[in-house]
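Bear in mind that the values here come from a model prediction, so they are computed numbers and not experimental data.
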Amino acid sequence: ASLYRRAEASGTALEILYRQFLRDVCGRLALPPDVNLERLAEVAARRGQVDRERFRRLLATCEMRLDAGKVTEAELLDLTRQMESIRKEIGIA
């Protein structure tokens with residue numbers, strides 16, 4: 001993380017963290033890695049006991065930041081914390 005910060009590559013760091021998060025969540029919920037994000041949020045809410053709207057907001061925000069190609073360090077930290085919180089709720093160690 002500090003290497004990406006020094007290189008001012010927080011967008012790249014977000015992409016790596018977000019893609020791994022999606023792989024982990026899809027794996028835990030037995031969903032294909034190319035699942036529609038809306039379907040992912042629905043299944044996470046039902047099977048993973050995750051707040052659907054909070055999960056959808058996280059996915060949408062990550063997608064928006066990746067599309068824009070930039071994310072501040074503060075946003076990256078916040079998004080990373082949200083991803084870790086959801087991992088714990090779903091039961092990903």
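Atom CE of M83 sits about 12.0 Å away from atom CD1 of I92, to the nearest 0.5 Å. L31 contributes atom CG, which lies 11.0 Å from atom CG of L22 (distance to the nearest 0.5 angstrom). With values rounded to the nearest 0.5 angstrom, Q82 atom CD is found 7.5 Å from C62 atom SG. The CZ atom of R57 lies 12.0 Å from the CE atom of M64; values are rounded to the nearest 0.5 Å.
Taken together through direct or relayed side-chain contacts under 4.5 Å among Ile, Leu, Val, Met, Phe, Trp and Tyr, L37 and L79 form part of one hydrophobic cluster.
A salt bridge between E42 and R39 is present, with a side-chain N of the basic residue lying under 4.0 Å from a carboxylate O of the acidic one.
Taking the side chain as every heavy atom from C-beta outward, V43 and R46 approach each other to under 4.5 Å. Within the 4.5 Å cutoff, side-chain heavy atoms of F21 are placed close to those of L59. Under the 4.5 Å side-chain criterion, counting only non-hydrogen atoms from C-beta, L40 is in contact with F55. When side chains are defined from C-beta on, Q20 counts as touching R23, because their heavy atoms get closer than 4.5 Å. You'll find the side chain of I86 reaches within 4.5 Å of the side chain of R54, heavy atoms only.
Of all heavy-atom pairs spanning A41 and R52, the tightest one is O-CG, 4.0 Å. C26 and P32 make their closest contact through SG-O, 3.7 Å (heavy atoms, listed as atom of the first residue, atom of the second, distance). Considering all non-hydrogen atoms of both residues, L14 and R65 come closest at CD2-CB, 3.7 Å. Considering all non-hydrogen atoms of both residues, G91 and R28 come closest at O-NE, 3.6 Å. When all heavy atoms of S10 and L76 are compared, the pair lying nearest together is CB-CD2, 3.8 Å.
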Is there a side chain to side chain contact (heavy atoms under 4.5 Å, CB included) between D24 and I90 once you walk through the steps?
-> CA-CA 10 Å; D24 292 347; I90 292 175; over 6 Å; no
Run the numbers on E84 and R87 for salt bridge (charged side-chain N to carboxylate O under 4.0 Å, His left out), then give the verdict.
-> CA-CA 5 Å; E84 286 307 308; R87 281 178 196 271; 2.8 Å; yes
